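First the structure, in the form of structure tokens, and then the observations on it.
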Amino acid sequence: MTEGESEAVLAFKPPTLAMLRLWFAPARGWHRPSFIGVEHVDPSRPTMFVGNHTLYGIQDVPHILYELRRVHGIFPRTLSDRVHFEVPVWRDLLTVFGCVEGTRENCRALMRAGQHLMVFPGGQREVFKRKNEACRLIWKERIGFVTLAAAFGYPIVPFASLGADESLHIAVDGPDIMSSPIGKLLRASGIADKYLRGGEALPPLVRGLGLTWIPEPDRFFVSFGPPISTSAYRRRAKDVAAMHELRAKVASSIEAQLEFLQRMRRSMSGEDANARRVRTSDWDKLVVGLETQAERAKRRVTSRTKAIKNRV
């Protein structure tokens, strides 16, 4: 990254709250997003927000950015796949909302400047979901995000988003296309491997209301879990096993939150026989459980470190 490119990334000024309210009002009225756990966010401390990427990844993110701006006055910089920045006009729109290409150089520059980040480890593969992959984390073996968080001592706030995956229905997914005559042609021509990552980068064909692309007015739910400290991992950022351990803690938090949000949604719609049991106290118990898991993991890391020092 050149000095000029770095300056351009850091020079971003977020839209005003009034402007965001104006832009997102129709979508907020359509999906009526509900938020839990925003109080876990410490706006004074640079943070890495890590969450699940929903289908196409563009419906819920604006709501999340707006809520963080409204409640805490912060506007995290979203790390996006490089493919987005190869599309004219679309890349300009993303830039307006602070998105940057998700390279290590960009991430380091933002972290050195003490900016908040929003990361979706599933990337394009998780955005272009396949049938029956709603609410699933598809992170492969990626640990780059936790490595950088640990190296810079950034706390990680895991968050979960529910609703966007169900507002659109996948009619034809990537494997369907690749097994069709069109897919065979893409493979034979080399286009699949050169531009579509072997078919992984093929967006699914979806429908929303009726046969249109308009998303169904499903309600969105977003939760923010307790922050996960990376201080115990700072000197172990190059330890692959330690980074997988940290990643597992983040993923477990997101999955637990998704499960809770699904229960809450079922209770609100009257579909859950245990609907009356889903209350604020249940969320509090989940948070306590996640914090306890994090504390236990921290103690394990500390004891291992002491054992290694004693052997040396």
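What you are looking at is a predicted structure, and each value in this text was computed from that prediction instead of being measured.
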Evaluate the side-chain proximity of [Y] to [X]: yes if any heavy-atom separation is below 4.5 Å, no if none is.
X    : Y    : value
D173 : K129 : no
V71  : V41  : no
L110 : L10  : yes
I228 : V50  : no
F152 : C107 : no
N106 : R77  : no
F224 : L68  : yes
I156 : T230 : yes

Only counting residues at least two apart or in another chain, list the ones meeting side chain to side chain donor-acceptor pair (under 3.5 Å) with [X].
X    : result
K140 : E200
D193 : none
S161 : D60
W23  : none

Point-to-point distance, once rounded to the nearest 0.5 Å, from [atom1] of [X] to [atom2] of [Y]:
X    : Y    : atom1 : atom2 : value
E67  : F35  : CD    : CZ    : 4.5 Å
N52  : L258 : CG    : CG    : 4.5 Å
R247 : E245 : CZ    : CD    : 13.0 Å
D176 : I182 : CG    : CD1   : 11.5 Å
Y56  : D165 : OH    : CG    : 12.0 Å

Residues which pass ring pair (Phe, Tyr, Trp, His ring centres under 6.0 Å) with H63, listed by chain and number, not counting sequence neighbours: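 With neighbours one apart ignored, the set is F220.
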N/O donor-acceptor pair under 3.5 Å between W213 side chain and V206 backbone: yes
Neighbour count above 12 (heavy atom, 6.0 Å) for K131 NZ: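 Yes, NZ of K131 has more than 12 neighbouring heavy atoms, counting only those of other groups under 6.0 Å.
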D92 CG: over 12 foreign heavy atoms closer than 6.0 Å: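 Result for CG/D92: enclosed.
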Qualifying side-chain hydrogen bond (donor to acceptor under 3.5 Å, both in side chains) pairs, either residue in residues 250-260, two or more places apart: S223-Q257, S253-Q257
Pairs satisfying side-chain hydrogen bond (donor to acceptor under 3.5 Å, both in side chains), at least one member in residues 40-51, at least two apart: D42-S44
For residues 26-33, dump all side-chain donor-acceptor pairs below 3.5 Å to protein atoms at least two apart in sequence or in another chain.
residue	atom	partner	partner atom	Å
W30	NE1	P215	O	2.9
H31	ND1	D218	O	2.8
H31	NE2	Q59	OE1	3.1

Same apolar cluster: F159 and V38, side chain cutoff 4.5 Å: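 Hydrophobic grouping puts F159 with V38.
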Whether F49 and H116 hold their rings parallel, tilted or perpendicular, with breakpoints at 30° and 60°: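 Taking H116 first and then F49, their aromatic rings sit tilted (interplane angle of 30° to 60°).
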side-chain contact (heavy atoms from CB on, under 4.5 Å) partners for S189, two or more places apart: I191
By side-chain contact (heavy atoms from CB on, under 4.5 Å) - contacts of L17 (at least two apart): R21, Y66, R69, R70
Any donor-acceptor N or O pair under 3.5 Å, side chains T78, S80: no
Ring pair (Phe, Tyr, Trp, His ring centres under 6.0 Å) contacts touching residues 162-206 (sequence neighbours left out): none
Could you pull out every donor-acceptor pair under 3.5 Å between side chains of residues 118-126 and any protein atom, sequence neighbours left out?
residue	atom	partner	partner atom	Å
Q124	OE1	R197	NH1	3.2
R125	NH1	E133	OE1	3.1
R125	NH2	E133	OE1	3.4
R125	NH2	E133	OE2	2.8
E126	OE1	I138	N	2.6
E126	OE1	W139	NE1	3.3
E126	OE2	H53	N	2.5

